[in-house]
There are 2 protein chains.
Amino acid sequence: MESSLAIETNTFRNLPEEKRQRILEEAVKEFAANGYQKASLNTIVKRLGIAKGSLYQYFNNKQALFLFIFDRLTHLVKDTVKRSVSEGEEADFFEQVRRIIVSGINFIDSFPAYYQIYLKVLFEPDVPQREELIAKVRLFSMEFFAPLCNAAQGKGQIRHDIPTSLVVFILDAVVDRFLQGYAKPYLDGGLNLSAKSPQGLEEDVNMIITILQDGLCLQKGE
Amino acid sequence: MESSLAIETNTFRNLPEEKRQRILEEAVKEFAANGYQKASLNTIVKRLGIAKGSLYQYFNNKQALFLFIFDRLTHLVKDTVKRSVSEGEEADFFEQVRRIIVSGINFIDSFPAYYQIYLKVLFEPDVPQREELIAKVRLFSMEFFAPLCNAAQGKGQIRHDIPTSLVVFILDAVVDRFLQGYAKPYLDGGLNLSAKSPQGLEEDVNMIITILQDGLCLQKGE
DNA sequence: ATTTAATGTGACCACCTGGTCACATTATGG
DNA sequence: CCATAATGTGACCAGGTGGTCACATTAAAT
């Protein structure tokens, strides 16, 4: 049941499922490879073997096609994160952080092209409604981390001499970079994340969590 | 004394200093605003009030102009970091990390357009020789952090149950993101870094260092 | 003053883009 | 079977790009 404010055309909605998927798949590939501006509708229609006019009967313009795809992206993220996190509702603070990272890895594995699009949007200046789009996806990490931190401070699980905003900032920085490094090897700082086995990844994640917990200094118990 | 492998033309090198600066300034502005691909040579020459043919007598093509500018960028980074760090040669590990962050802030304040170019290159897929260029700039953070960590582990300043590579990774992630947030408000996760006074920034930096030192857990002394 | 070399110039080129539209084709329903 | 609506089509458009080149202008050297 689509709303009447749908960004896509009735014509597109009435298309046979198979064709609709083919079109989206190809468009996602193109946007993932080239970002918004450099993505070429000519290339998309050429690869699909359909006329350009047809594409313009499915979506009013390039922007509409892109926004439709990004909307799917946010839904996919939402679902993936929820699935990974909702299980451990009452878990320890750092366990929940760990789950967020794992769900991020899962998302990248499941929908690498969509994650590419997210990265592109993040750093491409003139994608339409960029800030809103980023905010939509970030809502999960931000709106998720902030209450998590507050709760943890309440429960005495983390220190309260540091503002929540700074804690969230550090968590977000490390998590984001870890995922970026997993998707883009040249950003992993030599960790070689993309080539690691699930076990190897888990070890790295656990050590990162350990550092976040106890810091880089020598521990008293050692 | 330029090498004979110079990327720029003799004609450009013989230009009066003032004109050379004007041209570079305008080109830097354009690349900073639009990245490599979308930067327009037509726009540059229009703003400069020179003919396009002239620009092509200074640089063989768009790529040469860009590489010349990026080369200046790496030199500027090198100088800025060296100046900030060399003073505290024998300082504490975390103090040196703090200095790196401060020198990053200094660089962004001094050469905002150049930092913009770096960010663009970092996430624009088809800039020529992107990986080499990134590596050149990263060399400082990576090749700087790694020996720093090793030395610190030797001196017993940081724990040694965590591989150096992971320590470097976390440092790099946090430092990079902090600087990105300082330059791009929508990346600062609500910290509002770009609007803060130097004192405010210093406080944030110090708290981040504290967390890196001692972790997020409640400290025994509290 | 005259020749020669170095620079400056902008119209022009081929190519690509997002978007349009008159027309062909197909489906639908009476 | 036919009329009408829905869908598919690709040549075409204006606007932009990086790059070229024959020519004008200036500087240097003889």
Side-chain angles (χ1 to χ4, degrees), chain A residues 2 6-24 26-27 29-31 33-70 120 124-129, chain B residues 2 6-24 26-27 29-31 33-70 120 124-129:
Chain A
E2 297 283 348
I7 200 89
E8 81 275 24
T9 294
N10 281 326
T11 311
F12 181 72
R13 222 173 296 121
N14 294 335
L15 240 44
E17 175 72 14
E18 184 199 1
K19 187 168 188 181
R20 228 164 43 212
Q21 292 302 332
R22 259 188 64 233
I23 292 172
L24 284 183
E26 207 65 55
K29 236 192 282 176
E30 176 71 7
F31 281 119
N34 303 311
Y36 178 76
Q37 290 291 339
K38 269 206 53 179
S40 161
L41 301 187
N42 289 325
T43 301
I44 294 175
V45 297
K46 210 170 294 169
R47 293 211 182 123
L48 284 171
I50 66 174
K52 185 151 35 156
S54 296
L55 189 54
Y56 273 85
Q57 246 163 346
Y58 305 148
F59 299 92
N60 289 326
N61 49 39
K62 188 183 191 179
Q63 177 170 332
L65 171 59
F66 176 75
L67 291 179
F68 181 84
I69 286 176
F70 203 92
K120 287 275 162 56
E124 198 179 321
D126 38 13
V127 37
Q129 307 177 34
Chain B
E2 297 284 346
I7 199 89
E8 80 275 24
T9 293
N10 281 325
T11 312
F12 182 72
R13 223 173 295 122
N14 295 335
L15 241 43
E17 175 71 14
E18 185 199 2
K19 188 169 187 180
R20 228 163 43 211
Q21 291 303 329
R22 260 189 63 233
I23 292 172
L24 285 182
E26 207 64 55
K29 236 192 281 178
E30 177 69 9
F31 280 119
N34 302 311
Y36 177 77
Q37 290 292 339
K38 271 204 52 177
S40 162
L41 301 186
N42 289 324
T43 301
I44 293 175
V45 297
K46 210 171 293 168
R47 291 212 183 122
L48 285 171
I50 67 174
K52 183 151 35 156
S54 296
L55 189 55
Y56 272 85
Q57 246 162 346
Y58 306 149
F59 299 93
N60 289 327
N61 49 38
K62 190 185 190 178
Q63 176 170 333
L65 171 59
F66 176 75
L67 291 180
F68 182 82
I69 286 175
F70 202 93
K120 288 274 165 54
E124 198 179 323
D126 38 13
V127 35
Q129 306 178 33

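Chain identifiers are assigned alphabetically (A, B, ...) following the order of the sequence lines, protein sequences preceding nucleic acid strands; residue numbering begins at 1 within each chain. Every heavy atom of this structure was used, including side-chain atoms; hydrogens, water molecules and symmetry mates were not.
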*Asks:* Could you tell me whether the side chain of B:E8 and the main chain of B:R13 form a donor-acceptor pair under 3.5 Å?
*Replies:*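 Absent.
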
*Asks:* Please determine, for the side chain of B:S40, which listed nucleotide (D:dG10, C:dG19, D:dG18) has the closest atom?
*Replies:*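 Shortest atom-to-atom distance from the side chain points to D:dG18.
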
*Asks:* Applying a 4.0 Å non-hydrogen cut-off, can you work out what B:K38 is touching in the nucleic acid: base, sugar-phosphate, or nothing?
*Replies:*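 Nothing, no heavy atom under 4.0 Å.
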
*Asks:* Contact class for B:K46 (heavy atom, under 4.0 Å): base, sugar-phosphate, or nothing?
*Replies:*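 B:K46: no heavy atom of the nucleic acid under 4.0 Å.
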
*Asks:* Look at B:R47 together with B:E30 and state whether they make a salt bridge at an N to O cut-off of under 4.0 Å.
*Replies:*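 Looking at B:E30 together with B:R47, the answer is yes, because their closest N to O distance falls below 4.0 Å.
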
*Asks:* Please report the distance, rounded to the nearest Å, between CG in A:L41 and P in D:dC13.
*Replies:*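 Atom-to-atom, A:L41 to D:dC13, this comes out as 20 Å.
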
*Asks:* Apply the side chain to side chain contact (heavy atoms under 4.5 Å, CB included) test between A:Y58 and each candidate in A:L65, A:L24, A:T11; give the one that qualifies.
*Replies:*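 Passing option: A:T11.
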
*Asks:* Measuring from the side chain of A:Q57 (C-beta onward, heavy atoms only), which nucleotide among D:dG8, C:dT17, D:dG18 has the closest atom?
*Replies:*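 Selected nucleotide: D:dG8.
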
*Asks:* Nearest whole Å is fine: how far is D:dG18 P from B:F59 CZ?
*Replies:*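 The answer, rounded to whole Å, is 15 Å.
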
*Asks:* C:dG19, D:dG8, C:dG8: which one has an atom nearest the side-chain heavy atoms of A:Y56?
*Replies:*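 Nearest to the side-chain atoms of A:Y56, counting from C-beta on, is C:dG19.
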
*Asks:* Mind checking if A:S54 touches a base, just sugar-phosphate, or nothing, with heavy atoms under 4.0 Å?
*Replies:*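 Base contact - A:S54 has a heavy atom under 4.0 Å of at least one base atom.
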
*Asks:* Within the structure shown, what part of the strands sits under 4.0 Å from B:K62 by heavy-atom distance: base, sugar-phosphate, or nothing?
*Replies:*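 If one applies the 4.0 Å heavy-atom cut-off, B:K62 turns out to touch the sugar-phosphate alone, with no base involved.
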
*Asks:* Kindly indicate whether a cation-pi arrangement holds for A:K120 with A:Y36, taking the cut-offs as under 6.0 Å to the six-membered ring centre and within 45° of the axis.
*Replies:*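 No; the conditions do not both hold, so A:K120 does not lie above the ring face of A:Y36.
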
*Asks:* In this structure, how many angstroms lie between the P atom of D:dA5 and the CG atom of A:N10, rounded?
*Replies:*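 Atom-to-atom, A:N10 to D:dA5, this comes out as 16 Å.
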
*Asks:* Contact class for A:Y58 vs. all strands (heavy atom < 4.0 Å): base, sugar-phosphate, or nothing?
*Replies:*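 Counting heavy atoms under 4.0 Å across all strands, the contact made by A:Y58 is with sugar-phosphate only.
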
*Asks:* Among D:dT9, D:dG8, D:dT17, which nucleotide has an atom closest to any side-chain atom of A:L15?
*Replies:*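 Closest nucleotide among those given: D:dG8.
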
